[in-house]
Amino acid sequence: MTRTILHADLDAFYASVEILDDPSLRGKPVIVGGDPGARGVVSAASYEARRYGVNSAMPLRTAASLCPTGIFLPGRPDRYRELSTQVMRIFASYTPLVEPISLDEAFLDVTASRDAFGDGPTIARGIKQRVHDEVGLVVSVGVATNKLCAKVASDLRKPDALVVVPPGDEAAFLAPLPVSRLWGVGPQSRQALADYGVTTIGQLADLPDGTLRRRFGTHGHDLAQRARGIDPSPVVASQAPKSIGHELTFDRDVDDPSRLEATLLDLAESVELTERIGNMAESLSGSDRDDVARALFEVERSLSTAGRRLEQLVSELS
C-alpha cells in the first residue's frame, strides 16, 4: 500500500504565540530571544522580522542591528509547551502514528486513516483548520508518500502552506530544488557537489552512484536515494531522544573557574535528571506510561523554572 505521510510545521511558532497572546504585535517585527543587548541568540522571528534578514540562531545583537525597530521579547517555554501539547493532541486525533520532531513540528502517518478521515490532502486541510480554530495558530503541511518529500513540501511555500506531492512524482518534485533542501547536505557537501557542477537535486540524482560512493563513501548511496525521492524511513510514534542537553548564556564574559564549575555542575545535574526520568518512562507501557508522560510534562516545567532562576542568579553575579 502506498503510504500517506504528513509533515506539519507551526509557522514562526514562538513569535506566533507571542502575537496570539498580544494582538497589538500583529504585523510588527517580533523577535523572541531576550534583550537585544544580551549575548543570547534569536529563538524565533516573525515573518515581518525575517524580511530584515533576522533568522533563528542569529546573535541577538546582530538581529538588533539588522532590525532596529524589532520588538524583542523573552521566551516563555511553559506557554510554548502548553500550546504545543494542544496541537499534538489534534494530530493524534487523526492517527496514533505521530512522531514529534520538536515542539512545533511532527510527522504523521495517516495511511490507515483514509476510511475515517479521507485522503491525505483532506486530512491536512482538516488539521490546518482545527489548529487555527482551536489553538489560534497557523500550521504548514506537506503531504507525500515519504517523510523526506513531506518535510520539503511543508517548508516550500510558508507561511500557511499546503503542498501535496502526488505518488510517483517525488523525483520530479525535488528535481528543480537546490541540493541544500536535502537532508545530509551541509556546506561542505554542497561545495563538493558544486565541484561536479551539481547545484540542484535533479542534477544530483543524475550522477552515477559510483561517483557519489567514491566521493562520499556510504553516505553517497543515501544522497542518491534521497535525490530520487526515495525514503523508506517509518514514522515512529515513540522515539528516544538522540541527545539531551541544557544550556545557559552568560550576560558577560566569565573567567572565574569556581563560578564556571558551579554552573556546569547545575547544568549536568539537570541533564542527568532528565535522562533518569526518560529511562524510567521507557520501562513502562500503557496507562502507566501515560501517567508518567503527564508527570514528565510537570517535571519539564519545573526544570524550566529552575533554569530561569539559574540564569537570573548568574546575571546577578556577573
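This one's a predicted model, so the numbers in the text were calculated from it and none came from an experiment.
Residue pairs meeting the salt bridge (Lys or Arg N to Asp or Glu O under 4.0 Å) criterion with at least one partner in residues 211-220, sequence neighbours excluded, are absent. Sorted by first then second residue, the ring-ring contact (aromatic ring centres under 6.0 Å, His included) pairs that include residues 18-44, not counting sequence neighbours, number zero. Contacts classified as salt bridge (Lys or Arg N to Asp or Glu O under 4.0 Å) and involving residues 178-194 (residues at least two apart or in different chains) are given here: Asp155-Arg181.
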Give every donor-acceptor pair under 3.5 Å between a side-chain atom in residues 11-38 and any protein atom, sequence neighbours left out.
from	atom 1	to	atom 2	distance (Å)
Asp11	OD1	Ser140	OG	2.9
Asp11	OD1	Lys158	NZ	2.5
Asp11	OD2	Ser140	OG	3.2
Asp11	OD2	Asp160	N	2.7
Ser16	OG	Asp11	O	2.7
Ser16	OG	Ala12	O	2.9
Glu18	OE1	Arg76	NE	3.3
Glu18	OE1	Arg76	NH2	3.2
Glu18	OE2	Arg76	NE	3.1
Glu18	OE2	Tyr80	OH	2.6
Asp21	OD1	Arg79	NH2	2.9
Asp21	OD2	Arg76	NH1	3.4
Asp21	OD2	Arg76	NH2	2.7
Asp21	OD2	Arg79	NE	2.9
Asp22	OD1	Ser24	N	3.2
Asp22	OD1	Ser24	OG	2.6
Asp22	OD2	Ser24	OG	3.4
Lys28	NZ	Ser24	O	3.2
Asp35	OD1	Gly37	N	2.7

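Contact check on Arg3 versus Asp231 returns no salt bridge, with no Lys/Arg side-chain nitrogen under 4.0 Å from an Asp/Glu carboxylate oxygen.
With sequence neighbours excluded, the residues forming a side-chain contact (heavy atoms from CB on, under 4.5 Å) with Thr95 are Leu97, Val98, Leu108, Val110, Ser113, listed by chain and number. Applying the ring-ring contact (aromatic ring centres under 6.0 Å, His included) criterion to Phe117, with sequence neighbours excluded, gives Tyr94. With sequence neighbours left out, Glu134 forms a side-chain hydrogen bond (donor to acceptor under 3.5 Å, both in side chains) with Arg130. Partners of Gln191 under the side-chain hydrogen bond (donor to acceptor under 3.5 Å, both in side chains) rule, at least two apart in sequence or in another chain, are Asp195. In this structure Asp119 satisfies the side-chain contact (heavy atoms from CB on, under 4.5 Å) test together with Arg114, Pro121, Thr122, sequence neighbours excluded. By the side-chain hydrogen bond (donor to acceptor under 3.5 Å, both in side chains) test, Glu170 pairs with Thr145, sequence neighbours left out. Residues meeting the side-chain contact (heavy atoms from CB on, under 4.5 Å) test with Ala153, sequence neighbours left out: Val163, Val165, Phe173. With sequence neighbours excluded, no residue satisfies side-chain hydrogen bond (donor to acceptor under 3.5 Å, both in side chains) with Thr62.
No more than 12 heavy-atom neighbours from other residues, nucleotides or ligands sit within 6.0 angstrom of NE2 on His132.
By the criterion of side-chain heavy atoms lying less than 4.5 angstrom apart, applied directly or through intervening Ile, Leu, Val, Met, Phe, Trp or Tyr residues, Val87 is grouped together with Leu103 in one hydrophobic cluster.
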Does the side chain to side chain contact (heavy atoms under 4.5 Å, CB included) test come out yes or no for Leu204 and Leu182, once each step is laid out?
CA-CA 10 Å; Leu204 174 57; Leu182 279 184; 3.6 Å; yes

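Expressed to the nearest 0.5 Å, how far CG of Leu193 lies from CD1 of Ile201 amounts to 11.0 Å.
Using a distance-only test at 3.5 Å, with no hydrogens or angles considered, a donor-acceptor pair links the side chain of Glu99 to the main chain of Val236. The backbone N or O of Ser102 lies less than 3.5 Å from no partner atom in the side chain of Glu105, so there is not a single donor-acceptor pair. Between the Asp209 side chain and the His221 main chain, no donor and acceptor come within less than 3.5 Å of each other.
The side-chain heavy atoms of Val139 and Leu137, taken from C-beta on, include no pair separated by under 4.5 Å.
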